[in-house]
Amino acid sequence: MGAKQLATKIDEDIKNALDLFCEHRGLKINRFLEDAILDKIEEYEDISELRKLKKEKSRNFEDVLKELKASGKL
């Protein structure tokens, strides 16, 4: 996988905390930030899926059971 450089400005206190956190745990800052970005993207995707599910019509549990029994799946 190729790599691209990312340049951004962050609060000095946050950068210092990041440095200390990674240093004390033996982590590479680059890897930590990549993981954090991927986690955040995944979180937003999960929220998007939850919003879609919330709009779906719910079904009565007894009806679902009947359907599963009728289809031989239960």
Side-chain angles (χ1 to χ4, degrees):
M1 174 171 81
K4 295 266 186 170
Q5 186 169 351
L6 174 68
T8 186
K9 292 183 180 182
I10 62 172
D11 182 86
E12 184 177 347
D13 291 335
I14 293 172
K15 175 63 169 85
N16 292 337
L18 174 63
D19 289 340
L20 286 172
F21 181 87
C22 289
E23 182 181 329
H24 288 342
R25 287 164 179 80
L27 302 171
K28 302 249 185 225
I29 292 174
N30 187 63
R31 182 62 193 187
F32 179 82
L33 291 174
E34 284 180 358
D35 289 345
I37 291 167
L38 289 172
D39 285 346
K40 195 64 175 180
I41 290 171
E42 187 176 276
E43 180 182 316
Y44 276 106
E45 290 298 319
D46 290 345
I47 289 170
S48 175
E49 288 298 314
L50 286 174
R51 287 184 179 139
K52 289 177 191 174
L53 288 172
K54 191 174 181 181
K55 292 177 184 177
E56 288 183 8
K57 184 179 175 183
S58 62
R59 297 172 55 195
N60 182 302
F61 182 69
E62 286 78 22
D63 292 341
V64 173
L65 284 178
K66 286 178 190 176
E67 183 181 312
L68 289 172
K69 287 178 182 177
S71 67
K73 294 179 181 176
L74 186 66

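Basis for what follows: all heavy atoms, side chains included, without hydrogens, waters or symmetry-related copies. Here, residue 1 is the first one in the sequence, and each next residue gets the next number.
By the salt bridge (Lys or Arg N to Asp or Glu O under 4.0 Å) test, K9 is found to be paired with no residue, residues two or more places apart in sequence or in another chain being considered. Listed by chain and residue number, nothing satisfies the salt bridge (Lys or Arg N to Asp or Glu O under 4.0 Å) test with E45 (two or more places apart in sequence, or in another chain). Partners of E43 according to the side chain to side chain contact (heavy atoms under 4.5 Å, CB included) rule, which considers only residues two or more places apart in sequence or in another chain, are K40, I47. With sequence neighbours left out, K55 forms a salt bridge (Lys or Arg N to Asp or Glu O under 4.0 Å) with no residue at all. For E42, there are no salt bridge (Lys or Arg N to Asp or Glu O under 4.0 Å) partners two or more places apart in sequence or in a different chain.
Sorted by first and then second residue, the pairs that involve residues 29-38 and meet salt bridge (charged side-chain N to carboxylate O under 4.0 Å, His left out), not counting sequence neighbours, are R31-E34, R31-D35. The ring pair (Phe, Tyr, Trp, His ring centres under 6.0 Å) analysis of residues 38-74, with sequence neighbours excluded, yields no pairs. For residues 11-34, the pairs satisfying ring pair (Phe, Tyr, Trp, His ring centres under 6.0 Å) are F21-F32, with sequence neighbours left out. Applying the salt bridge (charged side-chain N to carboxylate O under 4.0 Å, His left out) test to residues at least two apart or on different chains, the pairs with a partner in residues 61-74 are R59-E67.
Remark: L74 CG to L65 CG distance equals 6.5 Å, nearest 0.5 Å. Here D46 contributes atom CG and I41 contributes atom CD1; the two are 12.0 Å apart, rounded to the nearest 0.5 Å. Considering CG of L33 and CG of L27, their distance stands at 10.5 Å, rounded to 0.5 Å.
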Apply salt bridge (charged side-chain N to carboxylate O under 4.0 Å, His left out) to K15 and E12, showing your working. CA-CA 5 Å; K15 175 63 169 85; E12 184 177 347; over 6 Å; no
